[in-house]
Amino acid sequence: MTEKPSNIYTALASAQLEFGTVRKGATNPAFRSKYADLADVATVVIPTLAEKGVCVLHYITGESLDVMRTEFVHGESGTKIFCDVRLIVSKNDMQGMKSATTYAKRIGLESLSGIAPEDDDGNAAVVAAPKQQPRQQPVQRQEGPD
């Protein structure tokens, strides 16, 4: 039998050793690129945290109700950590609000857990890096009699 984590920090450290890879399972049709959506991130993070006695909460807070809080709470000790992400709503309707809260939840989960989707953007950036032009040496002038 394994020892139970004594607080949120030991639980999170233990979970981080077990988190799997977050796969980019969604496709953005506008850019024809893959990305990890909220479900991709939650599938990796939430079950592992739950095994350590940590629940994940998401709720709107802030003076203007414009912040999505993601909170990890260790049930046995009551210790918790949280991440606040300001909601930026591009359209003033429910679809705009849902989009903003979904992004904020994903950002909160990634930030608190320390996980990141598999990185293919970094490799693409290296391949697409512009070639540097060789530096030209400054022209030196010699002074002498006219």
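Computed from heavy atoms alone, side chains included, the values below leave out hydrogens, waters and symmetry copies.
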So, taking the atom named [atom1] in [X] and the one named [atom2] in [Y], what distance separates them when rounded to the nearest 0.5 Å?
| X | Y | atom1 | atom2 | result |
| --- | --- | --- | --- | --- |
| Asp37 | Thr43 | CG | OG1 | 8.0 Å |
| Glu76 | Ile8 | CD | CD1 | 12.5 Å |
| Thr102 | His58 | OG1 | NE2 | 9.5 Å |

Is there side-chain contact between [X] and [Y], with at least one heavy-atom pair below 4.5 Å?
| X | Y | value |
| --- | --- | --- |
| Ile88 | Ser90 | no |
| Glu51 | Glu18 | yes |
| Phe72 | Thr70 | yes |

Exercise. Do the charged groups of Asp66 and Arg86 touch, with an N to O distance under 4.0 Å?
Worked result: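 A salt bridge links Asp66 with Arg86.
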For this session: Using a strict 4.0 Å threshold on nitrogen-to-oxygen distance, state whether Asp84 and Arg69 make a salt bridge.
Result: yes
Exercise. Considering residues at least two apart in sequence or located in another chain, which fulfil the side chain to side chain donor-acceptor pair (under 3.5 Å) criterion with Glu71?
Worked result: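 For Glu71, the residues satisfying side chain to side chain donor-acceptor pair (under 3.5 Å) (neighbours in sequence not counted) are Tyr59.
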Determine, using the 4.5 Å side-chain heavy-atom cutoff (strictly less than), whether [X] and [Y] are members of one ILVMFWY cluster.
| X | Y | answer |
| --- | --- | --- |
| Val41 | Ile81 | yes |
| Val56 | Tyr9 | yes |
| Tyr103 | Val67 | no |
| Leu65 | Leu87 | yes |
| Leu38 | Met68 | no |

Testing the basics here: between [X] and [Y], what is the closest heavy-atom pair and its distance to 0.1 Å?
| X | Y | value |
| --- | --- | --- |
| Ala42 | Pro47 | O-CD, 3.4 Å |
| Val22 | Ala116 | CB-O, 4.2 Å |
| Pro5 | Lys52 | CG-O, 3.9 Å |

Exam field: side chain [X] to backbone [Y], donor-acceptor pair closer than 3.5 Å:
| X | Y | value |
| --- | --- | --- |
| Ser77 | Thr79 | yes |
| Thr101 | Met97 | yes |
| Ser113 | Ile115 | yes |
| Ser99 | Gly96 | no |
| His74 | Leu12 | no |

Problem set entry | From CA spacing to verdict: side chain to side chain contact (heavy atoms under 4.5 Å, CB included), Leu49, Phe19 | CA-CA 9 Å; Leu49 288 173; Phe19 288 148; 4.3 Å; yes
Exercise. Is it the case that more than 12 heavy atoms not belonging to Asp93 sit under 6.0 Å from its CG atom?
Worked result: yes
Exercise. Would you find more than 12 non-hydrogen atoms of other residues, nucleotides or ligands less than 6.0 Å from Tyr35 atom OH?
Worked result: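 Buried by this count: over 12 neighbours within 6.0 Å.
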